[in-house]
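Here's the structure we're looking at; comments come further down.
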Amino acid sequence: MLDDVIEKSEGQGLSDFLSFEVLKNRSDFLRAARGKRVHSTSFVLQGWNRHDESGPVRVGFTCSKKVGNAVARNRAKRRLREIARLGMPQYGKAGWVYVLIGRRSVTAITVFTSMQDELRAALAKLHP
RNA sequence: GCGGGGGGCUGGGCGGUCGCGGCAGUGAUGUCGAGGAAAGUCCGGACUCCCUGAAACAACGGUGCCGGGUAACACCCGGCGGGGGCAACCCCAGGGACAGCGCCACAGAGAACAGACUGCCGUGUAUAUUGCGGCACAGGUGAAACGGUGGGGUAAAAGCCCACCGCGGGACUGGCAACAGAACCGGCGACGGCAAGCCCCACCGGGAGCAAUGCCAAAUAGGGACCGCGUCGUGGUGUGUUUCACGCCCUGCAGGUCCGGGUUGGCAGCUAGAUCCGUGAAGCAAUUCACGGGCCAGAUGAAUGAUCGCACAGGGGGGCGUUUGCCCCCUGGACAAGAUCCGGCUUAUAGGCCCCCCGCGCGU
RNA sequence: UGGGAUGUAGCUCAAUGGUAGAGCAACAGUUUUUGGUACUGUAGGCUAUAGGUUCGAGUCCUAUCAUCCCAG
């Protein structure tokens with residue numbers, strides 16, 4: 001199953017990996033927080049439709065102090081970035097802004113393939 | 001063999017695939033990429049800016065046995081003193097209580113110019129639950145009671161006298177010093193404790209911090225208020241005060257301070273340094289010196305992740321085997337990640353490895 | 001990066017270095033037909049942790065932990 005994902009990713013080529021851009025401004029995060037919200041077991045997904053399909057998919061990552069110390073925060077953020085890299089080009093919609101939020105002592109431990117499934121289910125739930 | 005003490009090291013390894021940040025390159029690609037504590041931010045510095053400079057004083061803060069090391073330190077090393085332990089060894093802010101103030105609850109007669117509650121002894125009288133005088137031995141309290149033990153002595157006693165111990169001073173000796181030893185002197189109702197209570201003494205300390213600071217670009221405004229009011233002086237101003245020296249301003253579109261308004265971009269600072277590794281020398285050691293070699297993160301919503309395989313410690317279960325051991329399955333890898341940089345301290349840390357020492361038991 | 005505050009009963013707070021207390025809450029009893037109110041009593045604390053100074057620390061000193069606040 002994982003090999004499938006990797007194979008597909010390879011087939012799509014390198015440029016598709018960079019097909020989403022990372023949020024860096026606080027205002028973008030606040031705008032996404034006003035949108036819809038889906039709670040999953042290992043993370044929280046927020047989504048907001050810009051109604052402008054020209055740009056790429058935009059994704060942000062948040063791990064506050066509630067997640068734990070610096071090691072736990074960095075690790076959770078890296079794993080969220082990895083599932084977004086593998087899943088967003090396939091399941092994300094252009095013109096949307098997504099924010100993935102880490103959760104304490106869950107995001108860093110959960111099995112990686114099940115996190116990928118959760119992302120796909122959460123995106124399906126988010127899109128109307 | 002059992003138990004204990006001290007010190008040091010390591011902090012998972014190798015490889016495949018897909019990715020991340022810096023640098024080089026047109027590109028393919030190559031190369032480098034977290035720690036012993038990077039942590040807490042408890043000390044000390046480098047560096048940059050601000051204050052005109054020097055001295056004295058005051059205030060505030062810190063340090064506090066001695067010697068050495070260091071750029072510096074509250075750190076380190078070696079000693080000394082005190083306390084704990086059979087020992088190896090461990091712990092200690094450890095100057096001053098005749099400069100002054102303050103405190104010492106309860107209990108107890110009395111808690112810090114001493115003095116006498118219950119007592120003991122002598123004596124007078126009205127023979128009593130009394131007066132006068134002497135004593136500080138006994139009682140009990142307390143953390144602490146103004147020397148202890150024994151003997152002499154006395155009406156009863158007391159360093160009143162003697163011996164030993166303690167205490168205070170101490171020539172002199174050893175040591176750079178802290179300190180140690182000590183002839184001799186003092187008869188001791190002298191000299192209690194707390195300075196991590198105030199304080200005294202000695203020494204040290206300007207303030208702010210890389211969001212420091214400098215430059216570029218963009219954008220908004222092109223404004224307002226106050227000081228200064230005069231042609232050179234007892235002017236104003238420049239650290240908390242004083243003195244001395246030295247500046248600056250008083251030049252109306254200038255100067256100084258503040259307010260208002262705008263930006264949240266980029267570059268420098270930004271990683272070659274009290275640097276790391278090795279060898280030799282000096283020193284008990286901390287450490288220093290010489291020579292040779294190496295370059296070892298520079299991000300800024302902030303780079304190390306995902307996954308597979310192999311072997312390696314560790315834990316649990318099962319099977320074989322007298323034991324050492326062998327095989328299979330499952331599990332599973334501590335604490336924790338740079339943010340200007342160094343030197344320390346403190347705290348967290350699974351498992352593993354090495355060295356030295358002490359006590360007890362047994363054997364030779 | 002720099003600075004500051006707090007930690008005491010379940011909660012909100014007191015306490016000159018000398019027996020840790022008050023209010024609310026909890027529990028039990030009295031009053032009431034019952035509940036509430038009122039009154040009486042009871043229990044509950046390793047004073048955040050670890051050392052030290054002191055005869056004796058909630059208090060003084062040192063280190064640590066946790067929470068909160070402020071400035072750039």
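Reminder, nothing fancy here: chain letters follow the sequence lines and each chain counts from 1. What you see is a predicted model, and the numbers here were worked out from it, not measured in a lab.
B/G12: no Watson-Crick or G-U partner with both key distances under 3.5 Å is found in any strand. Across every strand in view, B/G33 sits in a pair with B/C20 that passes the Watson-Crick or G-U test at under 3.5 angstrom. With both pairing distances under 3.5 Å, B/A303 is matched to nothing as a Watson-Crick or G-U wobble pair. Pairing for B/C203 is with B/G62, a Watson-Crick or G-U wobble pair whose two hydrogen-bonding atom distances lie under 3.5 Å. The nucleotide B/G139 finds its pairing partner in B/C117, both defining distances of the Watson-Crick or G-U wobble pair being shorter than 3.5 Å. If you check B/U257 for Watson-Crick or wobble pairing at under 3.5 angstrom, you find it paired to B/A225. Within the shown strands, B/G359 is the pairing partner of B/C2 under the Watson-Crick or G-U definition, both distances less than 3.5 Å. Base pairing annotation: B/C289 forms a Watson-Crick or G-U wobble pair with B/G280, both donor-acceptor distances under 3.5 Å.
Rounded to whole angstrom, the span from the CD atom of A/Q116 across to the C1' atom of B/G305 amounts to 13 Å. Regarding A/F112, its CZ atom lies at a distance of 14 Å from the C1' atom of B/C308, rounded to whole Å. Atom-to-atom, CZ of A/F61 to P of B/U300 comes out at 16 Å; the value is rounded to the nearest Å. A/Q90 places its CD atom 18 Å from the P atom of B/C18, with the value rounded to the nearest Å. Regarding A/K77, its NZ atom lies at a distance of 15 Å from the P atom of B/G21, rounded to whole Å. Rounded to whole angstrom, the span from the CG atom of A/L86 across to the C1' atom of B/G19 amounts to 9 Å.
Taking the O4'-C1'-N9-C4 or O4'-C1'-N1-C2 dihedral as appropriate, C/A48 has a value more than 90° from 0 and is therefore anti. B/G252 has its base syn relative to the sugar, with a glycosidic angle deviating from 0 by at most 90°. Classified by its glycosidic torsion, B/A212 falls in the anti category, the angle being over 90° from 0. Syn is the classification of B/C296, since its glycosidic angle stays within 90° of 0. Annotated as anti: C/G41, whose glycosidic dihedral deviates from 0 by more than 90°.
Contact check for A/Y98 versus A/K93: side-chain heavy atoms found under the 4.5 Å cut-off. Looking only at side-chain heavy atoms (C-beta outward), A/T107 and A/K77 stay at 4.5 Å or farther from each other. Using a 4.5 Å heavy-atom threshold, the side chains of A/S42 and A/E118 count as touching. Between A/R81 and A/F61, some side-chain heavy-atom pair lies under the 4.5 Å cut-off. For the pair A/R79/A/R75, a side-chain contact is recorded, criterion being any heavy-atom separation below 4.5 Å from C-beta on. The side-chain heavy atoms of A/H127 and A/Y91, taken from C-beta on, include no pair separated by under 4.5 Å.
Annotation for A/K36: atom NZ counts as buried by contact number, over 12 foreign heavy atoms lying within 6.0 Å.
Taking atom P on both B/G100 and B/A105, the two are 23 Å apart, rounded to the nearest angstrom. Using C1' as the reference atom, C/G58 and C/A20 are 8 Å apart when rounded to the nearest Å. When the C1' atom is used for both B/C90 and B/G6, the distance is 10 Å, rounded to whole Å. Nucleotides C/C60 and C/C27 place their P atoms 38 Å apart, quoted to the nearest Å. Comparing B/G351 with B/A336, their P atoms are spaced 16 Å from each other, to the whole Å. A gap of 16 Å separates the P atoms of B/A136 and B/A155, to the nearest Å. Taking the C1' atom of each, B/A72 and B/U287 are spaced 15 Å apart, rounded to whole Å. To the nearest whole angstrom, the two P atoms, one in B/C194 and one in B/A145, are 15 Å apart.
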Would you please test A/T62 and A/F43 for side chain to side chain contact (heavy atoms under 4.5 Å, CB included) and show each step?
CA-CA 10 Å; A/T62 296; A/F43 55 86; over 6 Å; no
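OP1 and OP2 of B/U304 both lie 4.0 Å or more from every side-chain N or O belonging to A/R79. Applying the 4.0 Å criterion to OP1 and OP2 of B/A306, one finds that A/R81 has every side-chain N and O outside that range. Phosphate contact (OP1/OP2 of B/U304, side-chain N/O of A/R75, threshold under 4.0 Å): absent. OP1 or OP2 of B/U304 lies within a sub-4.0 Å distance of a side-chain N or O belonging to A/R78.
You'll find that the side chain of A/R85 is closest to B/C18, out of B/A306, B/C18, B/A303. Considering only the side chain of A/V71, B/A337 comes nearest among B/G305, B/A337, B/A303. When distances are taken from the side chain of A/E82 to each of B/G301, B/A306, B/A337, the shortest belongs to B/A306.
Across every non-hydrogen atom of A/T41 and A/R103, the tightest pair is O-NH1, 3.7 Å. Heavy atoms only, all atoms of each residue included: A/A122 and A/L45 are closest at CB-CD2, 3.8 Å.
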What would the secondary structure line of RNA chain C be in dot-bracket form, counting Watson-Crick and G-U wobble pairs under 3.5 Å, with [ ] for pairs that cross earlier ones and | for pairs with another strand?
(((((((..((((....[..)))).(((((.......))))).....(((((..]....)))))))))))).
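When each of A/V111 and A/R73 is assigned the nucleotide of RNA chain B with its nearest heavy atom, A/V111 is the one assigned upstream, toward the 5' end. Mapping A/N74 and A/T62 onto RNA chain B by nearest heavy atom places A/T62 closer to the 5' end of the strand.
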